[in-house]
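Below: the structure, in structure tokens.
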Amino acid sequence: MSLVATRFAPSPTGPLHIGGIRTALFNWLFSKNNKGKFYLRIEDTDKERSKEEYKNQIIQSLQWIGIRHDDKEYIQSEKIKLHKEIAEELLKKGFAYKCYCSEEEIKEQKEKAKKKGIPFVYNRKCRDPKKLEVPKNVNPAIRFKSKMSGNTIIKDLVQGEINISNFIIEDFVILRKDGTPTYHLSAVVDDHTMNISHVIRGDDHKINTFKQKQIYEAMNWKLPNFAHIPLIHSQSGSKLSKRDKASTVDDYIKLGILPDTLRNYLLRLGWSHKDKEIFNLEESIELFDLKGIGKSPSKLDMSRILSLNEHYIKHMDEKELFEFLKDFCKKFEKKINSSKEKTLLKSMHFLKNKAKTLDDIYQNAQYILSDIINISSEDSKLLDVASKKILKDFLSDYEKMTKITKESLEKIVNRLIDKHKTNFKGIGQPLRVALTGSKFGPGLFNIILSLDKDETIKRLKLIK
RNA sequence: GGUCCCAUCGUCUAACGGUUAGGACAGAUGGUUUUCAAUCAUCUAAUCGGGGUUCGAUUCCCCGUGGGACCGCCA
């Protein structure tokens with residue numbers, strides 16, 4: 001069996017999309033599952049829209065989720081010379097022809113087709129060289145001479161056999177008027193020179209396969225395997241667009257989603273392995289196959305992502321999670337005073353149990369990170385005369401403590417419950433508000449245990 | 001409009017042609033709990049419609065309906 005090689009071929013015209021990274025993930029997993037290669041090809045032949053910063057951003061997104069490509073990334077624009085040579089060869093062999101039609105002519109044809117409600121197919125005006133009048137001072141585009149009869153069948157590894165009448169495939173341009181190659185030509189030439197064995201890409205490329213297959217045949221090249229994976233839809237049901245709230249990988253990073261979460265979520269979106277829901281990295285590689293990919297498109301479900309994230313946060317090693325949190329805060333300018341880091345790390349074990357995102361942890365840790373406790377007027381109602389008395393009693397007991405543990409705190413609180421004829425709530429709520437400025441948050445004892453004794457005393461003394 | 005693809009709980013999905021149609025998320029109810037969560041228990045909820053084939057169809061075939069993709073000298 002020959003070596004499996006897959007590629008991910010984004011164009012660097014924007015940040016990496018959630019659909020894009022799933023395609024990358026499937027390609028990567030498939031190649032790793034087969035002990036093969038995974039390449040990254042930057043399709044930057046659209047000079048107008050391609051940007052270096054997007055290229056770097058895409059690579060970063062891939063790295064973030066754990067995907068490493070083999071070798072150096074393949075830059076398509078560096079191979080233009082080769083693409084042109086192939087175009088010339090196709091021309092010479094009679095598989096392509098020069099087209100002198102003007103943009104206006106083409107536009108006119110398109111409008112006509114639209115009016116009649118029929119699909120636009122270039123009228124092949126320049127296909128017959130005998131009838132062709134060569135205008136002066138016009139650079140021709142080069143069109144591929146598509147088959148005009150018969151059918152073409154593609155055996156797709158996900159979709160099964162797809163049969164199409166050749167007649168609907170137009171004579172597509174392979175070399176533009178300005179001499180630059182188009183996508184169809186470049187992609188085929190690159191896939192061939194890179195020895196790609198499996199082309200795994202979005203469903204939206206399905207029709208392209210029929211054009212590309214003809215180039216393979218004309219060049220007498222071996223056709224790779226194709227697998228077209230269903231697209232991801234937004235909540236509304238259509239193709240994901242930039243307008244959707246969370247559509248790029250960076251959007252999810254900003255939300256405080258862990259890479260494992262997104263990897264696991266995307267893996268299970270459109271792919272399944274029995275009833276299994278949680279896949280660690282190794283399992284993903286080991287179990288991934290093309291057979292498990294479903295045929296129908298799927299919708300993004302934010303609550304599912306959050307619940308998976310909750311799972312991964314809960315099960316992550318505290319030190320590792322702490323590093324993730326620090327990176328997250330640094331990236332989004334959420335300040336962590338270095339003097340608080342120790343306390344924060346010490347508190348991860350309970351903070352991680354009540355968070356769906358890294359941002360949740362950050363929010364719940366505000367009482368640690370911030371020196372100033374702001375109590376809203378609503379919450380300050382909890383600090384009435386009776387409560388203040390309780391707090392005062394607590395303070396004097398607390399100050400005398402030599403060893404602060406959950407047990408010793410419980411003892412104090414129980415004593416106060418008796419003394420003030422109240423319940424835990426009657427003490428817990430004002431204490432919590434005094435210490436954190438909020439009615440909500442981690443367990444009260446965890447809060448007290450995590451704060452320095454001085455700090456706790458300081459905060460209690462502020463309540464007058 | 002043309003071509004192609006798809007169709008199981010609200011969502012992601014499982015089910016050699018024989019299951020009480022399963023799991024997960026979300027939702028609901030209750031227990032636990034110092035708050036918010038979390039957690040535990042229980043529950044609600046689906047084979048798009050119509051025809052075939054078959055002893056038997058979620059599964060195979062046809063038609064309809066619905067959804068989607070593509071229809072660039074973008075990739």
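Below, chain A is the first sequence line, B the second, and so on; all start at residue 1.
Taking only side-chain nitrogens and oxygens, A/S272 never comes nearer than 4.0 Å to OP1 or OP2 of B/C12. The phosphate of B/A75 has OP1 or OP2 within less than 4.0 Å of a side-chain N or O from A/R176. The side chain of A/K206 places no N or O atom within less than 4.0 Å of a non-bridging phosphate oxygen (OP1 or OP2) of B/C5. For A/T45, a side-chain nitrogen or oxygen approaches OP1 or OP2 of B/A75 to under 4.0 Å.
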**Complete:** Reading nucleotides 38-47 of chain B from 5' to 3' and marking B where a protein heavy atom lies under 4.0 Å of the base, S where only the sugar-phosphate is that close, and - otherwise, the string is SS--------
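A/F172 does not carry A/R143 over the face of its six-membered ring by the limits of under 6.0 Å from the centre and within 45° of the normal.
Nearest to the side chain of A/L269, among B/A75, B/C12, B/A7, sits B/C12. Considering only side-chain atoms of A/H233, the nucleotide from B/A75, B/U34, B/G68 that sits closest is B/G68. Minimum atom distance to the side chain of A/Q429 is reached by B/U35, of the listed B/C5, B/G68, B/U35. Comparing atom distances between the A/S298 side chain and each of B/C6, B/C25, B/U13 picks out B/U13 as nearest. Closest approach to the A/F440 side chain among B/U35, B/A75, B/C12 is made by B/U35 (side chain taken as heavy atoms from C-beta onward). The nucleotide whose nearest atom lies closest to any side-chain atom of A/K299 is, among B/A26, B/G68, B/U11, B/U11. When the nucleotides B/G72, B/U34, B/C70 are ranked by their closest atom to the side chain of A/I207, B/C70 comes out on top. Of the candidate nucleotides B/U35, B/A69, B/C12, B/A69 has the atom nearest to the side chain of A/L231. With B/C70, B/C73, B/A75 as the candidates, the nucleotide lying closest to the side chain of A/R143 is B/C73. In the set B/A75, B/C12, B/A26, B/A26 carries the atom at the smallest distance from any side-chain atom of A/S303.
Nucleotide B/A37 holds its P atom 21 Å from the NE2 atom of A/H311, rounded to whole Å. When the C1' atom of B/A14 is taken as reference, atom CD1 of A/I293 falls 17 Å away, rounded to whole Å.
A salt bridge (Lys or Arg N to Asp or Glu O under 4.0 Å) check over residues 290-304 of chain A, counting only residues at least two apart or in different chains, returns the pairs A/E277-A/R304.
Remark: B/U35 base-pairs with no nucleotide; criterion is Watson-Crick or G-U wobble with both hydrogen-bond distances under 3.5 Å. With a cut-off of 3.5 Å on both pairing distances, B/A46 has no Watson-Crick or G-U wobble partner at all. Shown here, B/C55 forms a base pair with B/G18; the pair counts as Watson-Crick or G-U wobble because both key distances fall under 3.5 Å. Pair assignment for B/A41 gives B/U29, based on Watson-Crick or G-U wobble hydrogen-bonding distances that are each under 3.5 Å. In this structure, B/A7 forms a base pair with B/U65, meeting either the Watson-Crick or the G-U wobble geometry with both donor-acceptor distances under 3.5 Å. In this structure B/C70 sits in a base pair with B/G2, meeting the Watson-Crick or G-U test at under 3.5 Å.
Using a 4.0 Å heavy-atom criterion, one finds that A/P442 contacts the bases of the nucleic acid, with or without backbone contacts as well. A/N364 comes within 4.0 angstrom of nothing in the nucleic acid, heavy atoms only. Heavy atoms of A/K295 sit under 4.0 angstrom from primed sugar atoms or phosphate atoms, though from no base atom.
The aromatic ring centres of A/F394 and A/H420 sit 6.0 Å or more apart. Ring centroids of A/F424 and A/F445 are separated by less than 6.0 Å, placing the two rings close together.
The residues A/R127 and A/D171 are annotated as salt-bridged, a charged nitrogen and a carboxylate oxygen being separated by less than 4.0 angstrom. Ion pairing between A/E105 and A/K125 holds under the 4.0 Å rule for side-chain N and carboxylate O.
A/N364 pairs by the side chain to side chain donor-acceptor pair (under 3.5 Å) definition with nothing, not counting sequence neighbours.
At least one side-chain heavy atom of A/L435 sits under 4.5 Å from a side-chain heavy atom of A/L451.
In this structure, A/V173 and A/I164 both approach RNA chain B, and ranking their closest nucleotides by distance from the 5' end singles out A/I164. The residue among A/E277 and A/I168 whose nearest nucleotide of RNA chain B is located toward the 5' end is A/I168.
Comparing the C1' positions of B/G56 and B/G30 gives a spacing of 42 Å, expressed to the nearest Å.
Other residues, nucleotides and ligands contribute over 12 non-hydrogen atoms within 6.0 Å of the NZ atom of A/K47.
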